Amino acid sequence: MAHTLTRAFYSRPPDAVARDLLGKILERRLRGQRLSGRIVEVEAYFGRDDPAAHSAAGKTARNAVLFGPPGHAYVYFIYGMHSCVNVSCEPEGQAGCVLLRALEPLTGLETMARLRGLSASASSRMLASGPGRLCQALGIVRATHNGLDLIDPESQLQIRDDGFRPESIKATPRIGIRKAVEHPHRFLIEGNAFVSKAL
DNA sequence: GGAATGATAGTCT
DNA sequence: GACTATCATTCCG
């Protein structure tokens with residue numbers, strides 16, 4: 001049986017959480033519908049000694065969730081048109097998060113295609129392979145989802161473990177950042193067709 | 001198949 | 001006023 005991940009799962013360093021999130025199921029409840037997908041690509045961002053992280057310059061109104069308790073959604077708006085979802089890590093008071101970059105869609109594909117503005121016959125690879133696409137496919141926006149508790153069983157957004165274990169995990173440098181480019185903090189399920197960029 | 005480019009708005013200095 | 005944890009489109013080969 002699939003079960004929701006515990007607070008303790010998230011109360012760890014971002015790289016450990018990131019690796020363990022691969023293969024888990026992200027579930028979004030939307031007006032009675034259930035949209036879900038398997039997490040196939042993530043990136044770890046550290047609170048300390050990570051110039052690429054939003055929390056690098058300290059706590060601000062925008063990134064306050066990162067300094068709160070673990071297991072909460074951090075949603076931000078970027079490039080004037082895209083949203084991205086993160087999961088907060090580390091105990092309360094310490095920043096750190098995991099960016100969800102790509103899903104392998106499992107249920108609710110038609111709704112995802114509609115939210116993305118694609119035809120129902122579009123390739124499922126186009127639905128949630130990329131952080132901006134993922135948010136659009138699940139209808140995630142900062143105004144309603146930033147700060148959501150992922151452990152709460154009533155929450156619109158949850159992450160579950162159905163026992164799936166990836167065969168092989170690959171670490172690569174993170175994408176789209178200007179600073180600390182060299183660290184291999186991007187993790188993906190090797191060979192999975194739904195990662196945002198072929199490697 | 002890959003590189004270059006423009007759209008667009010919230011956040012911080 | 002600059003910068004950005006992106007995407008889709010347009011070009012070129």
Side-chain angles (χ1 to χ4, degrees), chain A residues 10 13-19 21-22 26 37 39-68 70 72-90 94-105 112-148 150 157 159 170-188 193-199:
Chain A
Y10 298 106
D15 53 340
V17 176
R19 280 178 176 278
L21 276 178
L22 289 175
L26 178 64
I39 300 170
V40 298
E41 179 182 343
V42 296
E43 282 180 6
Y45 287 89
F46 295 80
R48 300 177 167 202
D49 304 321
D50 189 356
H54 283 180
S55 50
K59 188 173 177 175
T60 67
R62 178 201 194 194
N63 65 24
V65 174
L66 296 178
F67 293 83
H72 286 250
Y74 169 54
V75 183
Y76 64 89
F77 195 70
I78 191 82
Y79 295 123
M81 49 174 80
H82 298 293
S83 300
C84 297
V85 231
N86 300 247
V87 178
S88 64
C89 302
E90 305 271 27
Q94 229 182 104
C97 65
V98 175
L99 168 67
L100 306 181
R101 290 192 55 91
L103 296 183
E104 174 180 346
M112 291 189 199
R114 189 164 44 75
L115 288 169
R116 292 262 299 118
L118 301 172
S119 74
S121 60
S123 163
S124 54
R125 261 184 48 89
M126 287 293 112
L127 293 176
S129 294
R133 293 170 174 177
L134 187 157
C135 280
Q136 200 182 6
L138 299 186
I140 295 173
V141 292
R142 176 182 149 84
T144 57
H145 300 101
N146 191 46
L148 265 192
L150 301 175
L157 211 51
I159 302 182
K170 187 178 170 115
T172 80
R174 294 175 290 188
I175 295 193
I177 54 174
R178 292 311 201 59
K179 301 166 185 169
V181 179
E182 64 281 5
H183 301 113
H185 292 327
R186 171 175 177 249
F187 303 97
L188 53 94
F194 293 86
V195 301
S196 65
K197 188 174 152 191
L199 275 178

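Letters go in sequence order (proteins before strands), and every chain restarts at 1. Here the structure is a predicted model, which is why all the values come from computation and not from measurement.
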> For the atom pair CG (A:Leu188) and CD1 (A:Ile39), what is the distance rounded to the nearest 0.5 Å?
Replying inline: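 It comes to 13.5 Å.
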Using a heavy-atom cut-off of 4.0 Å across all strands, would you classify [X] as base, sugar-phosphate, or nothing?
X        : answer
A:Gly132 : sugar-phosphate
A:Ala57  : nothing
A:Cys135 : nothing
A:Arg174 : nothing

Which whole-number value in Å describes the distance from [X] [atom1] to [N] [atom2]?
X        : N      : atom1 : atom2 : value
A:Tyr74  : B:dG10 : OH    : P     : 15 Å
A:Ile78  : B:dT8  : CD1   : P     : 16 Å
A:Asn146 : B:dG10 : CG    : C1'   : 13 Å
A:Asn63  : C:dT4  : CG    : P     : 16 Å
A:Arg116 : C:dT6  : CZ    : P     : 15 Å
A:Met126 : C:dT6  : CE    : C1'   : 14 Å
A:Arg62  : C:dA5  : CZ    : P     : 8 Å
A:Ile177 : C:dC3  : CD1   : P     : 17 Å

>> Measuring to OP1 and OP2 of C:dT6, would you say a side-chain N or O of A:Arg101 lies under 4.0 angstrom away?
In response: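 Indeed, a polar side-chain atom of A:Arg101 lies that close.
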> Is there a side-chain polar atom (N or O) of A:His82 under 4.0 Å from OP1 or OP2 of C:dC7?
Replying inline: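 Negative; the distance criterion is not met.
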> Parallel, tilted or perpendicular for A:Tyr74 and A:Tyr76, by the 30°/60° rule?
Replying inline: tilted
> Just wondering, do A:Tyr45 and A:Cys89 contact through their side chains at under 4.5 Å, heavy atoms?
Replying inline: no
>> With a 4.5 Å cut-off on side-chain heavy atoms, are A:Leu26 and A:Leu138 touching?
In response: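 Yes; the side chains approach each other to less than 4.5 Å.
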> Across all strands shown, which nucleotide pairs with C:dA5 by Watson-Crick or G-U wobble geometry, both distances under 3.5 Å?
Replying inline: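 Matched C:dA5 with nothing under the 3.5 Å cut-off.
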So which nucleotide from [options] ends up closest to the side chain of [X]?
X        : options              : value
A:Tyr45  : C:dC7, B:dC12, C:dA5 : C:dA5
A:Cys84  : C:dT6, B:dT11, C:dT4 : C:dT6
A:Arg142 : C:dC7, B:dT8, B:dT11 : B:dT11
A:Phe77  : B:dA9, B:dT11, B:dA7 : B:dA9

> If every non-hydrogen atom of A:Leu115 is compared with every non-hydrogen atom of A:Gly139, which pair is closest and at what distance?
Replying inline: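 Nearest heavy atoms, A:Leu115 then A:Gly139: CD1-N, 3.9 Å.
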> Closer to the 5' end of DNA chain C via nearest nucleotide, is it A:Leu118 or A:Arg178?
Replying inline: A:Arg178
> Which one of A:Val42, A:Leu134, A:Ile175 satisfies the side-chain contact (heavy atoms from CB on, under 4.5 Å) criterion with A:Arg101?
Replying inline: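 That would be A:Ile175; it is the only one of A:Val42, A:Leu134, A:Ile175 passing the side-chain contact (heavy atoms from CB on, under 4.5 Å) with A:Arg101.
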> Got a donor-acceptor pair under 3.5 Å from the side chain of A:Tyr79 to the base of B:dA9?
Replying inline: no
